[in-house]
Engineer: 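Here's a structure for you.
Quick caveat, the model's predicted, so the values are computed rather than measured. Basis for what follows: all heavy atoms, side chains included, without hydrogens, waters or symmetry-related copies. Letters A, B, ... mirror the listed sequences (proteins, then strands); counts begin at 1.
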Amino acid sequence: MALQDVCRWQAPEGLCPQLPQAGCWAVPSGWDPPTFLRAHGPSLAHGTTTLAFRFQHGVIAAADTRSSCGSYVACPASRKVIPVHSHLLGTTSGTSADCTTWYRVLRRELRLRALREGQLPSVAGAARLLSGLLARYRGLDLCVATALCGWDRSGPALFYVYSDGTRLQGNIFSVGSGSPYAYGVLDRGYRYDMSTPEAYELACRAVAHATHRDAYSGGSVDLFHVRETGWEYVSRHDAWVVYQELREQEESVEEEEEGELVSLARPASQSGSRASRYPLEFCAETEAL
Amino acid sequence: MSIMSYNEGDVMAMKRKDYVAIAANRRFGIQTQMVTMDFQKIFPMGCRLYISLARLATDVQTIAQRLKFRLNLCELKEGRQIKLYTLMSMVANLLYEKRFGPYYTEPVIAGLNPKTFKPLICSLDLISCPMVTDDFVVSGTCSEQMYGMCESLWEPNMDPEHLFETISQAMPNAVDCYTVSGMGVMTHVIKKDKITTRTLKPRMD
């Protein structure tokens, strides 16, 4: 670049100079890193339901909030949709530590690019950058499965990036252990020309159904919307409450109006506290003898 | 995933001076996928006698059926209802027969003796080691969480409603901390004159 030549400023060799270069990880001699981590490493967080889809009014990103460590629920109220900049979000799935770290790196690189070029990079460019960063660490058991949702000069854009370097563009993506259940619901209800309330309802419904069936998904449903003006955190609803309401709605579907479900405006518990006193709701009570 | 957590299951039983309570979750799932929410894990083995089995679902059903067969034969031969310690020995025998290729299930027995109405709760491991306690027993995939809840909530002098309330708080809160668990809880409170069965609806996620 001309300015670089004038100032005689050298871009640093490779990306992320603070992180060790691929191939330079310190490992005990004689051990293969993936085997070592599998045998001796901590049990890493996995398992989730995240989804994103493109429609005429932008991109919707939704996720559950359960962070599981093996079979233990480590956090019932975590945040799985991470903002990158004002017009870009990423849904995260896989190892939480990897996702948060690499998203910080991506945010840094995009900011530098924006300063150098004078405009935010496109979503396609951000996806290419992330997949390039991750591909250098292929074979070292990084697990980052993410959908980048943004609005750039070409309109709403959605890319799926995986830590082996996969980068795919599409209209609907769902990632995580609960994704088969979410895909079933999304495939049924998705249309590009949906209205915004319909899109919110579809996303909540898909995540709620996935949390019901999948063991590793649960907690609440986080909903984000990326518009032309930037991203917006729409809501967080308790997944169990959403599912119950959906079941009730389905049972009386003729009497409900279109789009009524968006009135799930009951604020869910933000603290995600556990071991709270259960309201005892009985299905049945019988006495014998 | 080990065979013991292929189909998960969680059971607990609590005891008081004259009554017992037994609870089990109702999920039947295959690894992470939930299949049904109404799987029976508590089986009546007589008047005021319940056995509950957790873990591998096929063994849960096999043991319940084989035990019922042996129990019926025993009651026909003896002409009277089986006592609790005898039932416990019968279960231990059934499990130890398969010592070197075991049934992958850990039973919990709770009930009142037919004549004396003395309560008993016990649990057995998968190769028949019995453990009789005076407060509570737990068994299943989230046993650590259940132990924590029971240790916190169990008190020595509880009336039947308080005992039911305790077991109904301990069980759902324990399974909430565990991913592969939950989907409804069935409880039985067994007293001398009646058995109260309730189904709870906790978080279904």
Engineer: State the OH-CG distance between A:Tyr200 and A:Leu223, to the nearest 0.5 angstrom.
Structural biologist: 6.5 Å
Engineer: When only pairs under 4.5 Å are counted, which of A:Gly218, A:Ser217, A:Gly219, A:Ala208 shares the most heavy-atom pairs with chain B?
Structural biologist: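 Ranked by contacts with chain B, first place is A:Gly219.
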Engineer: Check each of A:Arg205, A:Glu248, A:His209 against A:Tyr243 using the side-chain contact (heavy atoms from CB on, under 4.5 Å) test, and report the only one that passes.
Structural biologist: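 Considering A:Arg205, A:Glu248, A:His209, a side-chain contact (heavy atoms from CB on, under 4.5 Å) with A:Tyr243 is found only for A:His209.
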Engineer: With a 4.5 angstrom heavy-atom cut-off, is it the side chain or the backbone of B:Glu8 that approaches chain A, or both, or neither?
Structural biologist: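 Contact with chain A: none, neither part.
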Engineer: Testing the 3.5 Å rule here: is there a donor-acceptor pair between the side chains of A:Thr49 and A:Asp64?
Structural biologist: no
Engineer: Heavy-atom distances under 4.5 Å only: say whether B:Met183 touches chain A with side chain, backbone, both or neither.
Structural biologist: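 For B:Met183, the side chain is the part near chain A, not the backbone.
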Engineer: Do B:Glu144 and B:Tyr178 pair up side chain to side chain, a donor and an acceptor below 3.5 Å, judged on atom types alone?
Structural biologist: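 Result is no, nothing qualifies.
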